[in-house]
Novice: 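Take this structure, written in structure tokens, and hold onto it; I'll ask about it next.
Since we're looking at a predicted model, the values are computed, not measured. In what follows, chains are A, B, ... by sequence order, proteins preceding strands, each numbered from 1.
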Amino acid sequence: MKKRVVITGMGAITPLGTCIKGFWSAIVEGKSGIKNITRFHGENFPVKIAGEVTDFIPENFFTDDKMDRMDRFSQFALAAAYQAVSNSNIKTKKGMRDDIGVVLGTSIGGLSSLEKAAEDLFTRGYKFVDPMSIVKVISNAGACHIARHFGLMGPNYTISTACASGANAVGEAYRIIRDGYARAMVVGGVDAPLTPVFFAAWHKMRVLSRQNDCPQKACKPFSKNRDGIVIGEGAGIMVLEELGSARERSAPIYGEIFGYGSTNDAYHLTFPHIDGEVKAIKQALEDAQIPSDDVNYINAHGTATILNDSVETDSIKRVFGKKAYSIPISSTKSMIGHTLGASGALEVITCALAIKESIIPPTINYEEPDPQCDLDYVPNTARQANIHIALSNSFGFGGNNAVIVLKKFS
Amino acid sequence: MEEEFDETEQKVKKIIKKILKVRDTEIKRESSIADLGGDSLSALSILSAIEEEFNINIPDEETAEIDSFSGAVQLVKKHIKGNK
């Protein structure tokens, strides 16, 4: 029999605070975490803004003697996992748990450590390359540090599906618990992409917003005057748990993961395609066995590129028909930027809290209606709403689509 | 008859030839990037190579003009002129 899967713990490292409470109150208030980049000097770069995490001190969350072997992305992941595990109060370590695993999504893993090694090699020479580079760089380092730190010996995967990584991680962990392969999973997404070579490469894609003069207003999903992505960094981690286990230990329950759809456009590395997105949404609804009419909130992928926002709008219209016009839709990225692998997980967390608190966080910086994007994007101000079913869309480069259905727990 | 290409055109042609892996003779003035087997990502590569070759900066809002050989050439000429 299929098991029910609930969220029993949450943690977040974001440009709007390094805890769930701070993150949630900031996005409900419609604040922006976009600012001038301080992590590196990109004087010649046309873009100087990002969703940087400026108040992160790893020691505030955990002590770990392996700290100097961790890239910033692993530190983010471990700090958010630490919050989620403490929040859920699930027992770890003692006797080492083989019924708890980890699935982590990341787009680029420890790329900043590779850049550092490359700089040392090219400017100083071979003997100056940090011997810890490999253990910092490998993409599965984050998931492995979480397992090691908490003694989680269950299934352990790292998923890399670009901007859909976090959502795919949640979906795959949900299936692992639903099908009885683990009792609980520490799951989520992370990325720390504010690193000069990677950032320069994003410039070359010409998809970044260039509104350096007003960083907080730069990211404008669904608004006609939107001019692209603002890159962000962070982590979103949850404890997903089989309902029986959660009830047995009277764990807090924040919501239920109720369905999952995952597809690929099989079309183009960067151009989104409506067919793949529509299939993923439909698959998620079928998996949840609910009619599309039951959906009362969609957390959009909403990156603020011209193309993403219009294609996503069309996909929603194709799935929901006329009902699409009455579903509130919002983009968390308007406030924290695009945190790549973390985004899908932070947006699932946003959905869970929206359901629990009956508040839909807004799409900020919505200034001009776009005929191509004519749905209800909850512009600029949060809204009270009784939500039973929420959908979280994530669509990544490579044509990867992941959609999560969440349900109010009852 | 072979088309006559000026110096700028020759340079742009060389770039497109290299990036799209096409033969010289396949590139005509009216050839679109799509005709030559390219897509939006190849256009980005062409753009970057052009900026390097001619030492110019092409703003984001003009990138769509690199949809054909002649579009790319016109863009280069406009910016070379602007630099002088």
Novice: For A:K224, does the NZ atom have more than 12 heavy-atom neighbours from other residues, nucleotides or ligands under 6.0 Å away?
Specialist: no

Novice: When you look at NZ of A:K217, are more than 12 heavy atoms from neighbouring residues, nucleotides or ligands closer to it than 6.0 Å?
Specialist: no

Novice: What I'd like to find out is whether the side chain of B:P59 reaches to under 4.5 Å of the side chain of A:R210, using heavy atoms alone.
Specialist: no

Novice: At their closest point, which heavy atom of B:D60 faces which heavy atom of A:L208, and how far apart are they?
Specialist: OD2-O, 4.2 Å

Novice: Is it true that atom NZ of A:K31 has more than 12 heavy atoms of other residues, nucleotides or ligands lying nearer than 6.0 Å?
Specialist: no

Novice: Can you tell me if CZ on A:F397 sees more than 12 non-hydrogen neighbours from other groups inside 6.0 Å?
Specialist: yes

Novice: Does atom CD of A:E368 have more than 12 heavy-atom neighbours, drawn from other residues, nucleotides or ligands, at distances under 6.0 Å?
Specialist: yes

Novice: Give, for atom OG of B:S48 and atom NE2 of A:H203, the distance between the pair rounded to the nearest 0.5 Å.
Specialist: 13.0 Å

Novice: So for B:E61, is it side chain, backbone, both, or neither that comes closer than 4.5 Å to the heavy atoms of chain A?
Specialist: neither

Novice: Does the side chain of A:M205 come within less than 4.5 Å of B:L44's, by heavy atoms?
Specialist: yes

